[in-house]
**Q** 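Before anything else, here's the structure in question.
When a residue number appears, it is its place in the shown sequence, counting from 1.
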Amino acid sequence: ATKIEPIVEPGDHCFTPYDCDFTEHCWKDVTEEKVDYGQLEIDKTAINEFINEFKYPLFYFDFETVAYPVPVYDESRPYQQVPFQYSLHIQRKKDAKVEHLAFLGDGENDPREALIKELLTHLKTKGTILVWYKPFETTRLKELARDFPQYEKELNNLQNRIIDLMVPFKNGYYTHPDFEGSASIKNVLPVLVPELS
């Protein structure tokens, strides 16, 4: 191993796709500049058009995954994001109470086929599936369809129902200076719903 540090200036690559373990070292001499992120702006027309695409029941959905360096399950690859858990909130009609459903693998066996079966039972065949950052969930569904082709048609149909809740923030329909120019849920959620931990 070399003891010479690579000549790479700190930048966005230090946090993508993951935070680097050496940021404290590399960023120690970087001074923070105060950035003006503008003012609150809300495009109600664009937001209403976005919301009008929703079809009840609404499914608020999120995968949790684990990535093993050495695959532990058949039909998996090194560092593949393997879904082992999901959280699902269902709103069956406007103003209806939101129900919560979830799946959690047992920690010993490959969770994917059991997860797929539960998922298809919970998400049914109609209604909008709402996620934050659509590419993550759709990529996981594509991988599940690839590795478990007997469920490919049903899993592909789920992808067609997904709408990304990040869109109004990414596209500037709703901007707030405290978002600090980001559409990440870590920046948006504390501003809009500060009571949520």
Side-chain angles (χ1 to χ4, degrees), residues 15-19 21 50-51 53-170 182-190 192-193 195-197:
F15 308 101
T16 304
Y18 307 105
D19 289 358
D21 292 333
F50 174 74
I51 291 172
E53 294 178 34
F54 297 4
K55 294 179 176 65
Y56 286 92
L58 302 181
F59 301 92
Y60 302 89
F61 179 71
D62 180 47
F63 271 133
E64 296 299 331
T65 62
V66 63
Y68 297 107
V70 178
V72 296
Y73 306 126
D74 290 342
E75 300 303 327
S76 66
R77 294 153 177 75
Y79 294 106
Q80 179 179 338
Q81 298 277 348
V82 175
F84 68 92
Q85 180 180 17
Y86 65 75
S87 178
L88 177 65
H89 290 80
I90 304 173
Q91 189 174 12
R92 300 199 182 275
K93 56 185 179 179
K94 191 176 181 181
D95 301 323
K97 185 177 178 183
V98 175
E99 308 162 35
H100 182 247
L101 297 171
F103 174 89
L104 179 62
D106 63 16
E108 295 179 12
N109 302 297
D110 185 342
R112 292 175 295 169
E113 187 164 15
L115 178 146
I116 291 168
K117 288 178 179 177
E118 291 261 339
L119 186 64
L120 295 175
T121 300
H122 288 161
L123 292 177
K124 310 288 186 200
T125 57
K126 64 177 185 176
T128 297
I129 302 167
L130 296 165
V131 303
W132 196 282
Y133 190 60
K134 181 177 178 177
F136 182 79
E137 266 71 27
T138 55
T139 301
R140 303 295 76 80
L141 290 170
K142 287 174 187 173
E143 290 166 351
L144 289 170
R146 176 197 66 206
D147 297 336
F148 296 85
Q150 65 270 38
Y151 303 103
E152 181 178 11
K153 183 179 177 183
E154 295 95 328
L155 291 169
N156 287 341
N157 287 339
L158 295 182
Q159 293 177 53
N160 299 329
R161 295 163 49 199
I162 292 177
I163 291 180
D164 194 340
L165 286 171
M166 183 188 268
V167 165
F169 307 98
K170 184 177 67 177
S182 171
S184 164
I185 196 166
K186 292 177 183 175
N187 290 59
V188 172
L189 186 66
L192 297 185
V193 195
E195 65 273 18
L196 269 185
S197 62

**Q** Kindly determine whether Trp132 and Leu189 satisfy side-chain contact (heavy atoms from CB on, under 4.5 Å), including the steps that lead there.
**A** CA-CA 11 Å; Trp132 196 282; Leu189 186 66; over 6 Å; no
**Q** Under the criterion side-chain contact (heavy atoms from CB on, under 4.5 Å), I'd like the reasoning laid out for Ile90 against Leu101: C-alpha separation, chi angles, the key distance, then a yes or no.
**A** CA-CA 8 Å; Ile90 304 173; Leu101 297 171; 3.5 Å; yes
**Q** Examine distances only and state if a side-chain atom of Arg161 and a backbone atom of Gly127 form a donor-acceptor pair shorter than 3.5 Å.
**A** yes
**Q** For Phe61, give me all partners under ring pair (Phe, Tyr, Trp, His ring centres under 6.0 Å), at least two apart in sequence or on another chain.
**A** Phe63, Tyr86
**Q** Please name all residues satisfying ring pair (Phe, Tyr, Trp, His ring centres under 6.0 Å) with Phe50, sequence neighbours left out, ordered by chain then number.
**A**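 Here the qualifying residues are Phe54.
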**Q** Going by side chain to side chain contact (heavy atoms under 4.5 Å, CB included), name the residues that satisfy it together with Leu120, two or more places apart in sequence or in a different chain.
**A** Ile116, Tyr151, Glu154, Leu155, Leu158
**Q** Once side chain to side chain contact (heavy atoms under 4.5 Å, CB included) is applied, do any residues pair with Asp164, and if so which ones, sequence neighbours excluded?
**A** Lys134, Pro135, Met166, Val167
**Q** Among all residues two or more places apart in sequence or in another chain, which pass the side chain to side chain contact (heavy atoms under 4.5 Å, CB included) test with Asp147?
**A** Glu75, Arg77, Gln80, Arg112
**Q** For Asp74, I'd like to know if atom CG has over 12 heavy atoms of other residues, nucleotides or ligands within 6.0 Å.
**A**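 At most 12 heavy atoms, drawn from other residues, nucleotides or ligands, come within 6.0 Å of this atom.
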**Q** Taking it one step at a time, do Lys153 and Asn156 satisfy side-chain contact (heavy atoms from CB on, under 4.5 Å)?
**A** CA-CA 5 Å; Lys153 183 179 177 183; Asn156 287 341; 6.0 Å; no
**Q** Determine which pairs satisfy salt bridge (Lys or Arg N to Asp or Glu O under 4.0 Å) with at least one residue from residues 57-66, sequence neighbours left out, and list them in order.
**A**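 Salt bridge (Lys or Arg N to Asp or Glu O under 4.0 Å) check on residues 57-66 returns no pairs.
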**Q** Kindly give the heavy-atom pair with the smallest separation between His89 and Ser87, and that separation in Å.
**A**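 Looking at all heavy atoms of both residues, the closest pair is CE1-OG, 3.8 Å.
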**Q** Just checking Tyr60: does its OH atom have more than 12 heavy atoms from other residues, nucleotides or ligands closer to it than 6.0 angstrom?
**A** yes
**Q** Determine, for Glu143 against Arg140, whether the closest basic-nitrogen to carboxylate-oxygen distance falls under 4.0 angstrom.
**A** yes
